[in-house]
Participant: 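For reference, the structure I am asking about is given below.
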Amino acid sequence: MDFVEKRLTQRAKRGDREAFAELIEIYKDKIFQLAYRMVGNREDAEDIAQETFLRVYANLHAYDESYKFSTWIYRIATNLCIDRGRKKRPDFSLDEEVEPGQGMDWYSRLSSSEKGPEDKVVTQELQETVQDALSQLAPKYRSIMILRYIEDLSLQEISDIVKLPVTTIKTRIHRGREALRSKLRFM
């Protein structure tokens with residue numbers, strides 16, 4: 001895969017749009033999943049994924065081929081997620097009326113969910129519980145936990161992405177697991 005990515009990035013650097021489209025195809029789901037796990041919102045995750053690819057395209061000339069492309073793109077996405085988390089987003093209530101005087105609240109606009117098999121429901125609830133607990137972690141732990149356990153990256157790859165020593169990554173993984181364990185006990 002590294003050879004294929006290297007060839008695609010070289011071609012994309014020379015202006016080959018098809019090569020860049022192939023890079024997008026390889027990474028679009030991975031970047032979206034990373035963003036979704038970090039921000040916990042589908043629309044924001046889609047925006048971040050799109051912004052990641054825009055930044056990759058705009059800065060492809062600056063990409064240093066001595067590093068893995070995956071490290072570079074994950075770093076861009078992770079930084080965008082952290083930046084998004086720092087920005088204050090307006091809060092709204094589902095009880096708030098959609099349009100004043102209409103008598104409709106946001107609950108009435110939500111689509112109904114179909115009941116599936118019991119295993120599917122249990123799995124979904126577990127995923128939501130873990131996602132909720134992840135979203136409550138400090139960003140420095142959340143990003144490390146997602147990159148390690150969801151994206152299944154090595155300690156060295158994570159180190160390259162977040163520009164921290166491997167020992168610091170190990171410490172944050174340990175502390176992140178402890179914090180996650182603590183949060184899951186109370187959920």
Side-chain angles (χ1 to χ4, degrees), residues 1 26-53 68 70-96 105-187:
M1 185 65 147
I26 291 170
Y27 283 99
K28 69 179 182 182
D29 293 333
K30 294 174 184 178
I31 297 299
F32 171 78
Q33 288 299 323
L34 169 71
Y36 182 74
R37 297 278 183 199
M38 286 191 70
V39 299
N41 177 305
R42 183 174 189 79
E43 290 80 21
D44 287 346
E46 289 170 350
D47 290 346
I48 289 168
Q50 185 175 19
E51 179 67 22
T52 299
F53 290 112
K68 289 175 66 174
S70 61
T71 301
W72 187 58
I73 195 168
Y74 277 124
R75 184 163 172 223
I76 292 170
T78 301
N79 287 340
L80 285 170
C81 290
I82 290 170
D83 289 346
R84 179 68 58 108
R86 288 180 183 149
K87 292 180 182 175
K88 185 176 180 175
R89 291 180 286 192
D91 293 329
F92 70 95
S93 170
L94 291 175
D95 294 323
E96 182 181 355
D105 59 12
W106 284 100
Y107 284 113
S108 62
R109 307 238 8 219
L110 296 175
S111 61
S112 64
S113 59
E114 297 179 359
K115 300 278 186 199
E118 184 177 331
D119 291 338
K120 188 175 178 180
V121 170
V122 169
T123 301
Q124 183 177 357
E125 287 176 355
L126 180 60
Q127 287 174 344
E128 289 172 0
T129 301
V130 171
Q131 179 62 40
D132 287 345
L134 267 174
S135 69
Q136 293 176 23
L137 291 178
K140 67 181 182 181
Y141 297 127
R142 182 181 334 136
S143 62
I144 300 294
M145 298 295 286
I146 291 169
L147 291 171
R148 179 70 179 132
Y149 294 110
I150 308 241
E151 297 301 324
D152 200 28
L153 297 180
S154 71
L155 296 175
Q156 186 59 52
E157 289 173 318
I158 296 169
S159 173
D160 293 341
I161 290 169
V162 297
K163 297 248 187 227
L164 292 171
V166 172
T167 54
T168 303
I169 301 301
K170 288 180 182 179
T171 301
R172 288 191 179 179
I173 287 172
H174 175 72
R175 289 180 181 164
R177 275 195 311 242
E178 291 301 316
L180 194 58
R181 186 176 292 127
S182 171
K183 291 190 183 308
L184 288 172
R185 276 190 205 132
F186 297 107
M187 293 187 133

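As a basis for the values below, the full set of heavy atoms in this structure was taken, side chains included, without hydrogen atoms, waters or symmetry mates. Note that the numbering runs from 1 along the sequence shown for the chain. The structure displayed is predicted, hence computed values, not measured ones.
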Participant: Measure the spacing between CZ of R75 and CG of L80 and express it to the nearest 0.5 Å.
Facilitator: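 Spacing of CZ (R75) from CG (L80) equals 11.5 Å.
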Participant: What's the spacing between I158 CD1 and L153 CG if we round to 0.5 Å?
Facilitator: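 Taking CD1 in I158 and CG in L153, the distance rounds to 5.5 Å.
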Participant: Return yes if some donor-acceptor pair links the side-chain N/O of Q131 with the main-chain N/O of R37 below 3.5 Å, else return no.
Facilitator: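 Indeed, once roles are kept as given, a pair shorter than 3.5 Å links the two residues.
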Participant: Taking all non-hydrogen atoms of both residues into account, name the closest pair between I48 and A77 and its distance.
Facilitator: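 Scanning both residues completely, I find the closest heavy atoms to be CG2-O, 4.1 Å.
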Participant: Does the side chain of M145 come within less than 4.5 Å of L134's, by heavy atoms?
Facilitator: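 When only atoms from C-beta onward are counted, M145 and L134 do touch, with a gap below 4.5 Å.
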Participant: Could you state the interatomic distance from CG (D132) to NZ (K183), rounded to the nearest 0.5 Å?
Facilitator: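 That separation rounds to 11.5 Å.
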Participant: Between D160 and K68, does at least one N-O distance fall below 4.0 Å, as a salt bridge requires?
Facilitator: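 No salt bridge links D160 with K68.
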Participant: Check side chain to side chain contact (heavy atoms under 4.5 Å, CB included) between T171 and all other residues, then give those that pass, not counting sequence neighbours.
Facilitator: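 Per chain and number, T171 pairs via side chain to side chain contact (heavy atoms under 4.5 Å, CB included) with R175.
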Participant: Say whether Q50 and E46, considering side chains only, have a donor N or O and an acceptor N or O under 3.5 Å apart.
Facilitator: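 On atom types as modelled, these side chains do not qualify, holding no pair under 3.5 Å.
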Participant: Measure across R42 and Y36 and return the closest heavy-atom pair with its distance rounded to 0.1 Å.
Facilitator: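 Smallest heavy-atom distance, with atoms named: N-CE1, 3.6 Å.
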Participant: Run the side chain to side chain contact (heavy atoms under 4.5 Å, CB included) check on R84 and D47 step by step: do they pass?
Facilitator: CA-CA 10 Å; R84 179 68 58 108; D47 290 346; 3.8 Å; yes
Participant: Taking only residues two or more places apart in sequence, or in another chain, which ones meet K170 in a salt bridge (Lys or Arg N to Asp or Glu O under 4.0 Å)?
Facilitator: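 Once residues adjacent in sequence are excluded, K170 has no partner under the salt bridge (Lys or Arg N to Asp or Glu O under 4.0 Å) criterion.
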Participant: Supply the atom-to-atom distance I31 CD1 to I26 CD1, rounded to the nearest 0.5 angstrom.
Facilitator: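 Interatomic distance, I31 CD1 to I26 CD1, rounded to 0.5 Å: 11.5 Å.
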Participant: Does anything in residues 137-152 form a side chain to side chain donor-acceptor pair (under 3.5 Å)? List the pairs, not counting sequence neighbours.
Facilitator: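 Qualifying pairs, neighbours excluded: Y74-E151, Y149-R177.
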Participant: At their closest point, which heavy atom of A179 faces which heavy atom of L137, and how far apart are they?
Facilitator: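 Heavy atoms of A179 and L137 come nearest at CB-CD2, 3.4 Å.
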Participant: Just how far is it from atom CG of L155 to atom CD1 of I144, taken to the nearest 0.5 Å?
Facilitator: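 Going from CG on L155 over to CD1 on I144, the span is 9.5 Å.
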Participant: Considering all heavy atoms of both residues, which atom of C81 and which atom of A35 are nearest to each other, and what is their separation?
Facilitator: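 Between these two residues, the closest heavy atoms are SG-CA, 3.6 Å.
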Participant: Passes side chain to side chain contact (heavy atoms under 4.5 Å, CB included), Y27 versus T52? Steps please.
Facilitator: CA-CA 10 Å; Y27 283 99; T52 299; over 6 Å; no
Participant: Tell me if a side-chain donor or acceptor on T129 pairs with a main-chain N or O of E125 at a distance below 3.5 Å.
Facilitator: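 Side chain of T129 to backbone of E125: a pair is present.
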Participant: Quick one: CE on M38 to CD1 on I82, what's the gap to the nearest 0.5 Å?
Facilitator: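 One gets 4.5 Å once the value is rounded to the nearest 0.5 Å.
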Participant: Please determine whether side chain to side chain contact (heavy atoms under 4.5 Å, CB included) holds for the pair L147 and L34, giving the CA-CA distance in whole Å, both sets of side-chain angles, and the decisive distance to 0.1 Å.
Facilitator: CA-CA 7 Å; L147 291 171; L34 169 71; 3.7 Å; yes
